[in-house]
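Just below is one structure, and these are the notes that go with it.
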Amino acid sequence: MPGFESSTAADQRFNVNLSILFTELPLLERPAAAAAAGFTAVELWWPWIDTPTPERSELDALKKAIEDAGVQLTGLNFYAGQLPGPDRGALSVPGAESERFRANIDVAADFAASLGCKALNALYGNRVEGVDPAEQDALALQNLTLAARAADRIGAILLIEALNQPESPLYPLVSAPAAVGVVDKVNEATGLGNAKFLMDLYHLSMNGEDLPSVIERYAAKTGHVQIADNPGRGAPGTGDLPLEDLLDQLRKAGYDGWVGLEYKPGDRPSAEAFDWLPAEARAAR
């Protein structure tokens with residue numbers, strides 16, 4: 001499989017998403033597995049899909065696993081419902097899900113703060129049949145404002161992500177402009193300026209967007225980047241996305257943040273799914 005050139009990879013800061021890679025292992029063993037593969041930074045979806053407010057012992061155990069592995073937590077999702085599964089977030093869903101999101105805000109922010117994590121991702125949530133989209137959007141802005149303030153309290157950014165229409169047909173933010181529009185509304189509402197775009201190149205390519213144009217337009221508003229190849233959502237080199245060129249363009253456009261590896265390992269152990277990336281480029285500089 002073709003890999004990244006060492007020179008290009010050396011310009012990036014990569015982290016491993018432990019909610020899609022190393023999932024053959026129990027959650028508490030994944031940080032050490034990422035470290036053993038040569039990485040020094042990790043990110044996570046909200047790991048407790050059944051509860052926004054897990055027991056303190058569970059939070060402490062995950063914190064200890066991350067610290068013992070010697071890796072940095074660089075990104076964490078707020079509670080997002082059943083993810084992976086039918087849900088795509090909770091914050092725009094009226095009733096119990098919105099309440100769960102609100103109950104999670106300070107729990108997630110405090111956990112992130114305890115590990116020096118500076119980015120919190122808030123998935124918008126699916127459209128609900130029988131509910132006016134404008135009502136959902138108003139609720140979303142309220143909840144995102146609360147989340148942005150919590151992120152600001154710990155010196156973090158709030159990320160807002162575009163997903164893709166084929167895999168998330170009920171999710172309203174399925175283009176870069178749609179997600180960036182919400183980013184702008186949140187920043188306008190809070191005055192904090194800490195809401196940023198999460199640019200997932202896989203999702204945007206699934207939507208058929210012009211990726212070089214997206215980078216040119218929105219690199220300055222981007223707080224995090226995630227990658228997987230397309231088709232298949234596999235490792236770079238398994239599909240036909242020019243990921244190396246796109247990351248190079250991002251860097252030249254001024255993006256110097258993290259690049260999250262959010263891809264499926266395929267029918268092999270996750271530890272074998274990094275052969276595209278030179279070993280010396282895995283530890284973040």
Side-chain angles (χ1 to χ4, degrees), residues 1 3 9 12-85 87 104 107-121 123 156 159 198 200 202 224-229 232-236 238 258-285:
M1 184 169 72
Q12 310 293 341
R13 291 194 295 157
F14 295 103
N15 69 277
V16 178
N17 188 305
L18 298 180
S19 299
I20 193 168
L21 284 154
F22 295 109
T23 58
E24 65 269 29
L25 299 172
L27 176 64
L28 298 183
E29 293 177 23
R30 295 176 204 168
F39 294 93
T40 55
V42 299
E43 65 182 29
L44 280 164
W45 303 341
W46 184 249
W48 299 279
I49 60 173
D50 294 323
T51 177
T53 53
E55 295 292 332
R56 165 59 55 189
S57 59
E58 292 192 71
L59 291 159
D60 289 345
L62 180 56
K63 179 175 184 282
K64 183 176 188 302
I66 291 169
E67 289 174 337
D68 288 352
V71 293
Q72 174 66 45
L73 182 68
T74 59
L76 177 68
N77 282 17
F78 287 107
Y79 170 81
Q82 299 287 316
L83 180 79
D87 299 332
N104 175 248
V107 177
D110 289 344
F111 182 75
S114 76
L115 286 160
C117 172
K118 298 297 186 185
L120 290 160
N121 183 26
L123 284 167
L159 296 169
L198 195 169
D200 184 311
Y202 166 74
H224 187 48
V225 170
Q226 290 173 332
I227 63 170
D229 216 332
R233 201 175 185 176
T238 59
W258 293 98
V259 176
L261 307 182
E262 196 183 68
Y263 59 78
K264 297 175 181 176
D267 55 357
R268 56 186 168 166
S270 295
E272 296 172 17
F274 303 107
D275 46 2
W276 60 275
L277 183 62
E280 66 272 14
R282 297 177 190 178
R285 284 156 302 284

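Residues: numbered from 1 along the sequence shown.
Here the straight-line distance linking atom OG of S270 with atom CG of L25 works out to 7.0 Å at 0.5 Å rounding. Going from atom CD1 of I49 over to atom OG1 of T51 covers 11.0 Å, rounded to the nearest 0.5 Å.
In terms of heavy-atom proximity, C117 sits nearest to T74 at SG-C, 3.6 Å. Residue A108 comes nearest to L120 through the heavy atom pair O-CD2, 4.1 Å, listed as atom of the first residue, atom of the second, then distance. Taking each heavy atom of E67 and L115 in turn, the nearest pair found is CG-CD2, 3.7 Å. When all heavy atoms are compared, the tightest approach of A235 to D229 is O-CB, 3.4 Å. Annotation for P278 and W276: closest pair CD-O, 3.8 Å, computed over non-hydrogen atoms.
Partner of E262 under the side chain to side chain contact (heavy atoms under 4.5 Å, CB included) criterion, out of I20, I227, V225, N15: I20 alone. The side chain to side chain donor-acceptor pair (under 3.5 Å) test with N77 singles out one residue from N121, N104, N17, and that residue is N121. Here the options are D87, L83, L198, the test is side chain to side chain contact (heavy atoms under 4.5 Å, CB included), and the partner is L123; only L83 passes.
Using a 4.5 Å cut-off on side-chain heavy atoms (C-beta onward), W45 and P84 make contact. Between L73 and F111, the closest side-chain pair of non-hydrogen atoms falls below 4.5 Å. Considering only heavy atoms from C-beta on, V71 stays 4.5 Å or farther from V16 through its side chain. The shortest side-chain heavy-atom distance between L261 and F39 falls under the 4.5 Å cut-off. The shortest side-chain heavy-atom distance between P54 and W46 falls under the 4.5 Å cut-off. Residues P31 and F22 are not in side-chain contact: their nearest non-hydrogen atoms beyond the backbone lie 4.5 Å or more apart. Q82 has its side chain within reach of D50: a pair of non-hydrogen atoms, C-beta onward, lies under 4.5 Å apart.
Looking only at distances, no side-chain donor or acceptor of E43 sits under 3.5 Å from a matching main-chain atom of L18. The closest donor-acceptor contact from the side chain of R233 to the backbone of Y202 lies at 3.5 Å or more, if one exists at all. In terms of modelled atom types and a separation under 3.5 Å, the side chain of R13 and the main chain of V259 share no donor-acceptor contact. Of the possible donor and acceptor atoms, none in the side chain of T40 sits under 3.5 Å from a partner among the backbone N and O of A283. Distance alone, capped at 3.5 Å, places no donor-acceptor pair between the E24 side chain and the R268 backbone. Between the side chain of Y263 and the backbone N or O of Q226 there is no donor-acceptor pair closer than 3.5 Å.
For the pair D60 and K64, the salt-bridge criterion is not met [side-chain N within less than 4.0 Å of a carboxylate O].
Other residues, nucleotides and ligands contribute only 12 or fewer heavy atoms inside 6.0 Å of the CD atom of E55.
Aromatic rings of F78 and W48 (six-membered ring for Trp) have centroids beyond the 6.0 Å cut-off, not under it.
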